[in-house]
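Computed from a prediction, not measured in an experiment: that's the story for all the values here. Lettering of chains follows the sequences in order, A, B, ..., and the numbering in each one begins at 1.
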2 protein chains.
Amino acid sequence: MSCESATALALKESGHRPTPQRLMILSAVRHTPGHVTVVQIVEQIKESYPFIDPSTVYRTLAVLKEMRLVSETDMGAAEAVYEWIGQARHHHLICRMCEGVTLLEDSHLDGVSAHIRQNHGFEADFDHFAIFGVCKKCGEEADNE
Amino acid sequence: MSCESATALALKESGHRPTPQRLMILSAVRHTPGHVTVVQIVEQIKESYPFIDPSTVYRTLAVLKEMRLVSETDMGAAEAVYEWIGQARHHHLICRMCEGVTLLEDSHLDGVSAHIRQNHGFEADFDHFAIFGVCKKCGEEADNE
DNA sequence: CTAGCTGCAAAGCGTTTGCACGATG
DNA sequence: CATCGTGCAAACGCTTTGCAGCTAG
């Protein structure tokens with residue numbers, strides 16, 4: 001077991017069964033640095049268990065999302081990306097011209113969530129944010145035209 | 001003509017034709033306070049021009065988006081929402097429990113875009129942001145359990 | 001035994017694309 | 001007249017759902 005056992009317990013306590021499929025999905029998300037898509041999860045699990053179905057992955061991710069163990073983000077692409085919550089928070093700057101992705105440390109948004117909490121009583125999910133715009137390179141190239 | 005003429009000119013100058021359909025789409029987005037969906041735009045235009053096609057709306061919105069005249073936002077629902085850019089900037093706090101939407105003034109994010117620009121040379125599109133979380137009401141109800 | 005979970009298949013939905021016709025400059 | 005834009009219809013891809021069988025508490 002090891003590091004998954006705690007999560008298995010959390011599943012049980014919230015009334016969900018820690019099935020093999022769920023643990024595999026959990027493990028796939030947990031041990032993938034950065035983002036995972038449903039397709040990637042399926043492919044990874046298929047290596048050891050070829051019968052895994054995308055619908056199972058979607059259903060499990062819905063549970064994990066509800067438990068706030070994984071985050072779902074729409075990066076502008078067709079499919080959503082998922083990520084394990086609990087590691088160093090970070091966000092992404094997505095360039096709308098070259099579609100490049102830059103990392104953004106969480107510290108930039110620290111104050112914002114505090115403001116929002118004070119003024120609106122709203123607890124913002126600042127786990128993982130997708131910010132669109134124009135990156136340095138593309139901005140400079142546009143200036144040179 | 002009136003307030004649409006300037007935009008028609010902008011279309012022309014960027015190599016696009018200001019067709020009746022485009023002007024109608026433009027007008028629908030321009031004169032709708034808040035968000036519009038593609039379906040809403042189509043329904044609105046159908047009252048005066050029943051032949052309008054969703055694909056035309058999508059194609060036009062792509063042009064307007066590229067020209068930075070409208071913004072596209074994924075609010076977590078199935079369809080994207082569009083909004084005219086240039087009015088008072090604002091953002092939305094979307095509760096993941098009751099799905100209610102609260103308005104957030106732009107001032108909260110003023111400093112953030114400046115930070116991002118300085119540290120990363122990244123010009124963030126802070127026109128319109130969707131921030132997910134838990135609203136005051138739902139947060140309090142959860143505490144009472 | 002009862003409830004929950006899975007895989008399969010099919011449907012659902014917003015969005016995109018191919019194409020021929022029409023409009024525009 | 002050459003280009004661009006349109007409507008129509010079909011395709012597309014991600015996601016969801018219905019269902020029968022299986023599994024676990």
Side-chain angles (χ1 to χ4, degrees), chain A residues 7-29 35-67 70-82 99 130, chain B residues 7-29 35-46 48-67 70-82 130:
Chain A
T7 316
L9 191 63
L11 271 172
K12 242 185 211 165
E13 285 177 350
S14 59
H16 300 101
R17 294 187 190 159
T19 66
Q21 289 91 332
R22 285 186 173 162
L23 294 179
M24 287 190 280
I25 293 165
L26 199 54
S27 172
V29 181
H35 313 126
V36 226
T37 64
V38 169
V39 173
Q40 288 171 341
I41 296 174
V42 169
E43 283 175 353
Q44 190 176 328
I45 296 181
K46 274 213 169 131
E47 292 178 8
S48 53
Y49 175 65
F51 307 112
I52 187 73
D53 193 83
S55 64
T56 302
V57 178
Y58 279 110
R59 287 189 269 232
T60 298
L61 287 174
V63 171
L64 297 175
K65 220 166 51 180
E66 200 181 342
M67 295 173 66
V70 304
S71 69
E72 179 185 357
T73 312
D74 183 341
M75 304 270 289
E79 358 150 51
V81 300
Y82 299 85
E99 296 183 352
Chain B
T7 317
L9 190 64
L11 272 171
K12 244 184 207 166
E13 284 176 351
S14 60
H16 300 101
R17 295 183 188 160
T19 65
Q21 288 92 333
R22 284 186 173 163
L23 295 180
M24 286 189 280
I25 293 166
L26 198 54
S27 172
V29 182
H35 313 126
V36 226
T37 65
V38 169
V39 173
Q40 288 172 340
I41 296 174
V42 169
E43 283 175 353
Q44 190 175 329
I45 296 182
K46 273 213 170 128
S48 54
Y49 174 65
F51 306 112
I52 187 74
D53 193 83
S55 64
T56 303
V57 177
Y58 280 110
R59 286 189 270 234
T60 298
L61 286 173
V63 171
L64 297 175
K65 219 166 52 180
E66 199 181 343
M67 296 173 66
V70 305
S71 69
E72 179 185 355
T73 312
D74 184 341
M75 304 270 289
E79 359 150 49
V81 300
Y82 299 85

* To do: Supply the atom-to-atom distance Met24(A) CE to Lys46(A) NZ, rounded to the nearest 0.5 angstrom.
  => 12.0 Å
* Counting N and O atoms only, with roles assigned by atom type, does the side chain of Thr60(B) sit under 3.5 Å from a partner on the main chain of Thr56(B), one being a donor and the other an acceptor? -> yes
* Closer to the 5' end of DNA chain C via nearest nucleotide, is it Glu79(B) or Thr19(B)? -> Glu79(B)
* Assign each of Gly15(A) and Arg17(B) to its nearest nucleotide of DNA chain C by heavy atoms, then name whichever residue's nucleotide is nearer the 5' end. => Gly15(A)
* To do: Mind calculating the distance between OH (Tyr49(B)) and P (dG22(C)) to the nearest angstrom?
  => 13 Å
* To do: Mark yes or no for whether Ser14(A), through its side chain, and Ala10(A), through its backbone, hold a donor-acceptor pair below 3.5 Å.
  => yes
* Structure fact -> The residue, Tyr82(A) or Arg59(A), whose nearest nucleotide of DNA chain D is more 5′ is Tyr82(A)
* **DNA chain D: 5'-most and 3'-most nucleotides touching chain A, 4.0 angstrom heavy-atom criterion** => dC14(D) to dA24(D)
* Asked: Taking CD1 from Ile52(B) and C1' from dG22(C), how many angstroms apart are they, rounded to a whole number?
  -> 15 Å
* Asked: Is Phe51(B) touching bases, backbone alone, or none of the nucleic acid, heavy atoms closer than 4.0 Å?
  -> sugar-phosphate
* Structure fact -> Against the side chain of Thr60(A), the closest entry in dT15(C), dC8(C), dT6(C) is dT6(C)
* Taking atom P of dG18(C) as reference, at what distance in whole Å does atom OH of Tyr58(B) sit? -> 17 Å
* Asked: How long is the gap from CE on Met75(A) to CD on Glu79(A), to the nearest 0.5 Å?
  -> 11.0 Å
* Structure fact -> The reported gap from CG in Leu64(A) to CG in Leu11(A) (rounded to nearest 0.5 angstrom) is 6.5 Å
* Member of Leu26(B), Ile25(B), Val29(B) meeting the side chain to side chain contact (heavy atoms under 4.5 Å, CB included) criterion with Val70(B) -> Val29(B)
* **Whole-Å gap separating P (dG4(C)) and CD (Gln21(A))** => 17 Å
* Atom-to-atom span, CG of Asp53(B) to P of dT17(C) - whole angstrom -> 15 Å
* **NE2-CD distance between His16(A) and Glu66(A), expressed to the nearest 0.5 angstrom** => 6.0 Å
* **Inter-end axis angle, the helix from dC1(C)-dG25(D) to dG25(C)-dC1(D), with every axis fitted to five base pairs (rounded, 10 degrees)** => 30°
* Quick one: pull up NZ in Lys65(A) and OH in Tyr82(A) and give me the separation to the nearest 0.5 Å. => 5.0 Å
* Asked: Distance from Asp53(B) atom CG to Tyr58(B) atom OH, nearest 0.5 Å?
  -> 10.5 Å
* In whole angstroms, how far is the P atom of dT24(C) from the CG atom of Leu11(B)? -> 15 Å
